[in-house]
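Worksheet: one structure, shown below.
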Amino acid sequence: MDLGDCLKVHDLALRADYEIASKEQDFFFELDAMDHLQSFIADCDRRTDIAKKRLADTQEEISAEVAAKAERVHELNEEIGKLLAKAEQLGAEGNVEESQKVMDEVEKTRVNKREAEEIYRNSMPASSFQQQKLRVCEVCSAYLGLHDNDRRLADHFGGKLHLGFIEIREKLDELKRLVAEKQEKRNQDRLKRREERDREERDRLKKRSKSRERHRHRSRTSSQDRKKRTRSRSREKRHPQQTQSGSRSRSHSHHRSRDRSRDRSSREKSSRDKERSSHNRSSRDRSRDRERRHKKRSCESNGKSEGRSSEEFEAGEI
């Protein structure tokens with residue numbers, strides 16, 4: 001088809017780089033390729049529908065039985081054309097034996113075609129049989145004649161247009177299958193991520209509920225403590241004497257314990273003071289005895305000296 005020059009960059013090196021990069025990361029360019037090929041197929045199918053409507057308007061209407069017989073002839077023509085194109089391709093590749101086998105199948109198909117044409121000719125008048133019955137190719141939207149020869153059929157089914165559309169349709173089916181698989185995988189990954197998010201959200205809610213329960217428990221305990229305090233205060237207000245007596249008893253017991261501790265400490269202090277006073281007394285008595293002895297000695301020495309001095313004084317006078 002005359003589509004003009006392609007605006008894309010056709011480079012084998014870039015293709016190789018893309019194939020290597022696509023192994024590490026999925027760029028999902030298959031979806032773009034599928035849309036691009038789908039546009040070609042949609043345009044071809046649209047032309048096929050238009051051609052069929054045109055033939056229906058121009059050609060004579062025939063019964064369903066005759067149309068089925070004509071359709072059988074068209075199918076055999078199409079099969080012969082495909083076999084001839086395949087035989088020519090095998091011969092060009094050098095595979096002579098396979099090409100010969102295909103030609104044998106062509107001969108058998110031709111015999112079946114002659115029989116189908118004979119049946120179709122006998123089912124309708126000769127004048128209408130001589131009219132060219134056309135048919136639209138379902139692959140490339142080209143016109144095919146009921147009475148086309150083998151060469152014409154081989155040229156059509158082995159031509160670039162017909163083979164190109166066959167390749168496009170096969171590639172489109174492959175891309176559809178590949179895109180469906182990738183979309184299914186992506187949906188599964190999305191579901192897994194959603195499940196993980198839901199699980200994390202549930203865990204977060206559980207933690208929040210636990211923290212709320214703890215807060216509620218703390219508030220309950222604090223409220224219970226407040227109630228106990230208020231009850232105790234109300235009891236004190238209602239029965240102040242009992243509370244005072246209880247407080248007095250507690251204070252008395254506390255004072256008793258303090259008095260006991262004070263008595264113990266005073267006893268210990270008194271014993272220590274007694275020991276110290278006895279020690280001081282003994283030391284004082286000793287010092288007093290020493291002083292007395294010293295005084296006696298000094299007095300005796302003074303008396304003797306006085307006596308001597310008086311005797312000497314008397315002797316001097318004498």
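Computed from a predicted structure; not experimentally measured.
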Legend entry - Shortest non-hydrogen contact from Thr48 toward Glu138: CG2-OE1, 4.0 Å
Inset, instruction - State whether the side chain of Asp43 and the backbone N or O of Ser39 hold a donor-acceptor pair below 3.5 Å, judged by distance alone. - result: no
Legend entry - Shortest non-hydrogen contact from Asn77 toward Gly145: ND2-O, 4.1 Å
Legend entry - Separation of Lys210 NZ from Arg208 CZ (nearest 0.5 Å): 14.5 Å
Legend entry - Same apolar cluster (I L V M F W Y, side chains within < 4.5 Å links), Leu163/Leu83: no
Legend entry - Side-chain touch Lys86/Glu98, heavy atoms, less than 4.5 angstrom: no
Inset, instruction - Working to the nearest 0.5 Å, report the span between CD of Glu105 and CZ of Arg110. - result: 13.0 Å
Inset, instruction - Assess whether atom CD of Glu75 is packed by more than 12 heavy atoms of other residues, nucleotides or ligands within 6.0 Å. - result: yes
Legend entry - Steps toward side chain to side chain contact (heavy atoms under 4.5 Å, CB included) verdict (Lys176, Gln38): CA-CA 10 Å; Lys176 285 181 179 180; Gln38 186 68 42; 3.4 Å; yes
Inset, instruction - Decide whether Met103 and Leu76 are clustered together by the hydrophobic rule: side chain heavy atoms of Ile, Leu, Val, Met, Phe, Trp, Tyr closer than 4.5 Å, transitively. - result: no
Inset, instruction - Using the rule that two of Ile, Leu, Val, Met, Phe, Trp, Tyr join whenever any of their side-chain heavy atoms come within less than 4.5 Å, decide whether Ile119 and Ile80 are in one cluster. - result: no
Legend entry - Between CG on residue Asp173 and CG on residue Leu178, distance to nearest 0.5 Å: 12.5 Å
Inset, instruction - I would like to know whether Leu31 and Met34 meet side chain to side chain contact (heavy atoms under 4.5 Å, CB included); could you show each step before the answer? - result: CA-CA 5 Å; Leu31 184 60; Met34 185 183 72; 3.6 Å; yes
Legend entry - Contact summary for Gly158 and Ala85, nearest pair of heavy atoms: CA-CB, 3.5 Å
Inset, instruction - Would you check if the side chain of Ser99 reaches a backbone N or O of Asn95 as a donor-acceptor pair within less than 3.5 Å? - result: no
Inset, instruction - Indicate, with yes or no, if Ile166 and Ile41 share a hydrophobic cluster defined by side-chain heavy-atom contacts under 4.5 Å among Ile, Leu, Val, Met, Phe, Trp and Tyr. - result: yes
Inset, instruction - Could you check whether the rings of His162 and Phe157 sit parallel, tilted or perpendicular, using 30° and 60° as the cut-offs? - result: perpendicular
Inset, instruction - Might you point out which heavy atoms bring Cys6 and His10 nearest each other, and give the distance in Å? - result: SG-NE2, 3.3 Å
Inset, instruction - Over all heavy atoms of both residues, which pair between Ser141 and Cys44 is shortest? Give the atoms and the distance, please. - result: CB-O, 3.8 Å
Legend entry - Worked check of side chain to side chain contact (heavy atoms under 4.5 Å, CB included) between His36 and Asp32: CA-CA 6 Å; His36 189 61; Asp32 297 336; over 6 Å; no
Legend entry - Within 6.0 angstrom of Leu12 CG, more than 12 heavy atoms from elsewhere: no
Inset, instruction - Please say whether the positively charged group of Arg54, taken as NZ for Lys or CZ for Arg, lies over the ring of Tyr143, i.e. under 6.0 angstrom from the six-membered ring centre and within 45 degrees of the axis. - result: no
Legend entry - Exceeds 12 heavy-atom contacts within 6.0 angstrom, atom CZ of Arg15: no
Inset, instruction - Please check if the distance between the ring centroids of Phe40 and Phe165 is under 6.0 Å. - result: no
Inset, instruction - Inspect the contact between Glu19 and Lys23 and indicate whether a charged nitrogen and a carboxylate oxygen are less than 4.0 angstrom apart. - result: no
Legend entry - Shared hydrophobic cluster for Val136 and Ile50 (ILVMFWY, side-chain gaps under 4.5 Å): no
Legend entry - Minimum heavy-atom distance His156-Cys140, with the two atoms named: CE1-SG, 3.4 Å
Inset, instruction - Sort out for me which residue in Lys182, Lys185, Arg186 forms a side chain to side chain donor-acceptor pair (under 3.5 Å) with Asp26. - result: Lys182
Legend entry - Heavy-atom neighbours of Glu97 CD exceed 12 at 6.0 Å: no
Inset, instruction - Indicate yes or no: does Arg204 engage Glu201 in a salt bridge with an N to O separation below 4.0 Å. - result: yes
Legend entry - Lys/Arg-Asp/Glu bridge criterion (N-O < 4.0 Å) met for Arg193, Asp198: no
Inset, instruction - Please examine the side chains of Leu90 and Val102, heavy atoms only from C-beta on, and report whether any two atoms are closer than 4.5 Å. - result: yes
Legend entry - side chain to side chain contact (heavy atoms under 4.5 Å, CB included) evaluation trace for Lys171 with Glu174: CA-CA 5 Å; Lys171 186 67 176 178; Glu174 181 182 353; 3.9 Å; yes
